[in-house]
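What follows is one structure encoded as structure tokens, with my remarks underneath.
As the structure is a prediction and not an experimental result, all values here were calculated from the model.
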Number of protein chains: 2
Amino acid sequence: MEALHLSNQLCFPFYAVSKEITKRYRPLLEPLHLTYPQYLVMLVLWETDQVSLKTIGKRLHLDSGTLTPLVNKLISQGYLEKARNPQDERQLVVQLTGEGRALQKQAESIPEQLAEVLGLNENEYFAYQRMLTDLSIKLGLTDDATC
Amino acid sequence: MEALHLSNQLCFPFYAVSKEITKRYRPLLEPLHLTYPQYLVMLVLWETDQVSLKTIGKRLHLDSGTLTPLVNKLISQGYLEKARNPQDERQLVVQLTGEGRALQKQAESIPEQLAEVLGLNENEYFAYQRMLTDLSIKLGLTDDATC
DNA sequence: TAAAATTAAATTGTGTACAACTTAATTATA
DNA sequence: TATAATTAAGTTGTACACAATTTAATTTTA
């Protein structure tokens with residue numbers, strides 16, 4: 001077996017599929033004026049409002065170099081606002097505006113629409129999800145059952 | 001089930017795992033002075049030398065906006081050189097230099113090293129590869145058995 | 001065969017990613 | 001408790017990724 005052939009790589013299909021998924025999100029997220037990473041930040045805040053940048057970064061595996069401009073964009077769009085944590089002025093606390101919270105309703109059908117555009121039925125969806133979550137745990141990206 | 005929870009997304013673990021894999025390639029590729037996308041271009045050329053930019057793009061699912069500067073970087077590093085196809089002057093033909101070809105030897109152990117840093121045994125490696133390749137075909141990224 | 005359509009690269013602009021560094025606030029420790 | 005170490009954001013620089021546009025070469029077609 002030719003280890004250096006593209007067809008024998010594990011990681012190339014990962015890279016290609018991941019980019020393709022992001023591409024298929026694009027038209028679904030466009031009406032919400034969100035990119036995929038911006039959508040991920042909104043998911044975190046819809047789940048728990050008022051979170052520090054650090055915490056968002058931990059959940060999404062993104063650092064401040066990526067998150068600072070991304071959150072600033074969401075603020076300029078009116079979806080988020082920021083404040084400092086009075087207990088620790090280093091921390092930036094990010095929270096939803098009314099508009100940001102309202103956006104959640106519009107986003108509700110996105111997971112379902114995505115499964116549709118990926119052409120996956122429920123069984124396939126959950127099989128892939130389980131496998132990816134297992135690998136995610138194996139790689140140390142997910143350290144507990146709640147994340 | 002809360003469809004908008006991060007933990008219930010299929011695509012987030014994909015995104016996170018894909019980024020993590022790229023991160024784990026970094027120290028393996030650093031001695032070769034290659035980034036992961038640059039390594040992919042080298043893989044294509046090690047497999048078949050003298051390929052047009054268009055063809056590289058088709059195999060890697062990348063467009064000229066990404067590939068033009070990337071190939072220029074590899075040229076400035078002395079790994080590649082470019083010429084025009086005399087039969088069709090629109091086409092840029094990319095080929096390996098002696099140095100670029102020599103690099104292949106140094107790269108030979110990378111797939112093995114990667115499986116190691118990912119902590120996957122042979123069975124797991126092939127199981128994930130099969131699943132990813134299936135999904136890749138399902139998404140229309142791979143249209144025949146040779147790619 | 002001249003004009004229109006298509007194609008391959010290159011270019012421009014926006015938005016991630018992330019390493020490395022800076023700044024300011026907090027915590028640990030001598 | 002003053003100093004050192006740590007921490008959270010922000011900044012800078014490099015490198016993708018891709019949409020949209022431009023330019024030049026080739027192919028179609030009227």
Discussion item. Checking B:Gln50 now: which residues fulfil side-chain hydrogen bond (donor to acceptor under 3.5 Å, both in side chains) with it, not counting sequence neighbours?
Written reply: B:Gln95

Worksheet, complete the sentence: Rounded to whole Å, the CG-P distance (A:Asp88 to C:dT27) equals 6 Å

Worksheet item: B:Ile21 has an atom CD1; how far is it from atom P of C:dC18, in whole Å?
Response: 13 Å

Discussion item. Once salt bridge (charged side-chain N to carboxylate O under 4.0 Å, His left out) is applied, do any residues pair with A:Arg84, and if so which ones, sequence neighbours excluded?
Written reply: none

Worksheet item: Backbone N or O of A:Lys73 within a donor-acceptor pair of the A:Ser76 side chain at under 3.5 Å?
Response: yes

Discussion item. Across nucleotides 9-19 of chain D, 5' to 3', mark each nucleotide with B, S or - according to how protein heavy atoms within less than 4.0 Å reach it.
Written reply: SBB---SSBBB

Fill in: Length of the line joining A:Leu67:CG and C:dA17:P, which is rounded to integer Å
10 Å

Item to complete: Anything under 30° is parallel, anything over 60° is perpendicular, the rest tilted; go ahead and classify A:His61 against B:Phe12.
Response: parallel

Fill in: Parallel, tilted or perpendicular: rings of A:Tyr39 and A:Trp46 (30°, 60°)
perpendicular

Discussion item. Please report the distance, rounded to the nearest Å, between CG in A:Leu29 and C1' in C:dG15.
Written reply: 14 Å

Response to the item:
Atom CG of A:Asn85 and atom C1' of C:dT27 are separated, to the nearest Å, by 15 Å

Practice prompt. Taking the side chain as every heavy atom from C-beta outward, state whether B:Ile110 and B:Tyr25 have any atom pair closer than 4.5 Å.
Written response: yes

Worksheet item: In whole Å, what is the span from the CD atom of B:Glu89 to the C1' atom of D:dT23?
Response: 15 Å

